[in-house]
Amino acid sequence: MSNLQPVRGTHDLLADDCRLHRHVETVARDTSELYGFDEVATPIFEFTDVFARTLGGTSDIVAKEMYTFEAKGGESITLRPEGTAGIARAFISNGLAQHVPLKLFYHGPMFRHERPQKGRQRQFHQVGVESIGSGSPQADVEVIALGYKILNQLGLTKEVKLEINSLGDSESRANYRNVLLEYFTKHESSLSADSKARLQRNPLRILDSKDEQDRRIVSDAPALSDYLNSDSRVFIESVERGLNDLKLPFEKNPNLVRGLDYYCHTAFEFTTISLGAQGTVLAGGRYDGLIEQMGGPSTPGVGWAAGVERLAMLTTNTQNMIRPFAVVPVSNDLKDIAMQVVQTLRDAAIPSDLAFSGNIKRRLKRADKLNARAAVILGEEELKDGNVVLRDLDSGDQTTIALANVAEAIKDNY
RNA sequence: GCGGGUGUAGCUCAGUUGGUUAGAGCGCCUGGUUGUGGUUCAGGAGGUCGUGGGUUCAAUCCCCAUCACUCGCCCCA
């Protein structure tokens, strides 16, 4: 049981993975700032209502995937399964309607009790952005452009494609839902078992079924685009025009739907074929009704979230590790002065390291393993004259320099 | 939640048609005479063969269960 294994669906991020994750996060954060998005952080858990009321009771997330528990005070608490609901709650709690429009970036762990698979864990990490307070299609375009830029910075432009669709406003969607329900009900007997279940909960979901028989039925189904009212149509057309103006390629996918109830109008997904069934890498859409639904002032919004693990798996250009400088005392008698030398280097902001044991051979070997750029070798003879040896570990060249000038010499030469 | 695959040293894997001290490569540690790395040579540490039950004189190998990973479905980032 507690076999010193990590809990199912959780993982330790060791040095290499951690560096890669940090890289993904850093790129996402820096790029978001470039677009004027400020970083915020909301709690990792919220009252269960925050998620239950907003995500939609029909979504699997609410129905069976939330980590919900009763806190000591008796309140029902849930580990956040996604980021948008918490941000919306914070928007209301802090009276941020005063500061609209707001552009926010966030990152952090999310929790979903799903069956683990590659690219799907129970604790996973997301980066995301929310553009709150603007109902303009330009906000949608900006947010998508930002997503593109981040993927581009990560070197994934060739890896992914963008699909978009319009879910319409609530009126269009309700209309369409009825038509669709009628159509699928006529064909109910031919639908897959999964889709029969979806018929009651969320008929839109049948549109992106992978079942072949379902797909045949879907191909003749009424299209959402034919049921958009004029407002909805104008909106999605402006978004498409905006993307074209920025030369951001996309495909229209009339069957693209979103799992969470709060989405309307624009829905978009960046997907890859390299991750098997978990191909969605960055996805989002517009959620004009969300904040009002939570009890706040009617406020439009649009945003997306991206899976850090999935992005990290696609990102091959490993970050260069910083190359430290190794301080190597020739004998153990010099270990104290060696400690002082590393401290001097660190005071000068030079990344440096000192092995605590071993003869010179061992210590150089260790320096090599650290991928050190050069070694500062401390020997009795040189020290008598106040000198040390600086050895370039790539070329093997050695020079003798004054101990007092080590930091400067390193800064000048490397 | 449903169906399939896998599980032997830190890593990648071999192996035993059930038999008493379980192997390789890489990695790790130590040493090759006292001041020099990434090569080489020698030596060494490390495994309750995922875990728990069962069958058997005997199980890492057979059976059952369980856990984890993995592929597809579902869901979604």
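Lettering follows sequence order; numbering is per chain, from 1.
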- Task: Applying side-chain contact (heavy atoms from CB on, under 4.5 Å), name anything that partners A:N387, two or more places apart in sequence or on another chain.
- Result: A:E382, A:D385, A:T400, A:A402

- A:E171: partners by side-chain hydrogen bond (donor to acceptor under 3.5 Å, both in side chains), with sequence neighbours left out: A:N229

Show me the donor-acceptor pairs, under 3.5 Å and distance only, between side chains in residues 367-378 of chain A and residues at least two apart or in other chains.
unit_1 : atom_1 : unit_2 : atom_2 : d
A:R373 : NH1    : A:D392 : OD1    : 3.2
A:R373 : NH1    : A:D392 : OD2    : 3.4
A:R373 : NH1    : A:D394 : OD2    : 3.1

Might you list the N or O atoms of the protein lying below 3.5 Å from N or O atoms in nucleotides 4-11 of chain B, with each pair's distance?
none

- Query: Of all residues at least two apart in sequence or in a different chain, which pass the side-chain hydrogen bond (donor to acceptor under 3.5 Å, both in side chains) check with A:R216?
  - Reply: A:Q213

- Taking only residues two or more places apart in sequence, or in another chain, which ones meet A:S274 in a side-chain contact (heavy atoms from CB on, under 4.5 Å)? A:E159, A:T272, A:L314

- Of the residues in residues 401-412 of chain A, which ones touch RNA chain B at a heavy-atom distance under 4.0 Å? none

- Look at the side chain of A:R120 and the base of B:rA77, then say whether one donor and one acceptor between them are separated by less than 3.5 Å. no

- Item | Pairs touching residues 331-351 of chain A that satisfy side chain to side chain donor-acceptor pair (under 3.5 Å), sequence neighbours left out | A:S331-A:E380, A:N332-A:R363

Restricting both atoms to N or O, compile the protein contacts to nucleotides 46-48 of chain B shorter than 3.5 Å, with distance only.
none

- Distance-only donor-acceptor test (3.5 Å): side chain A:R363, base B:rG37: no

- Query: Can you name the side-chain contact (heavy atoms from CB on, under 4.5 Å) partners of A:H11, sequence neighbours left out?
  - Reply: A:Q121

Please write out the pairs of protein N or O atoms and N or O atoms of nucleotides 26-30 of chain B separated by less than 3.5 Å, giving the distance to one decimal.
unit_1 : atom_1 : unit_2 : atom_2 : d
B:rC28 : OP1    : A:K369 : NZ     : 2.2
B:rU30 : OP2    : A:R362 : NE     : 3.4

- Message: Quick test of your reading: applying side chain to side chain donor-acceptor pair (under 3.5 Å), list the pairs with at least one residue in residues 299-311 of chain A, sequence neighbours left out, ordered by first then second residue.
- Response: A:H125-A:E309

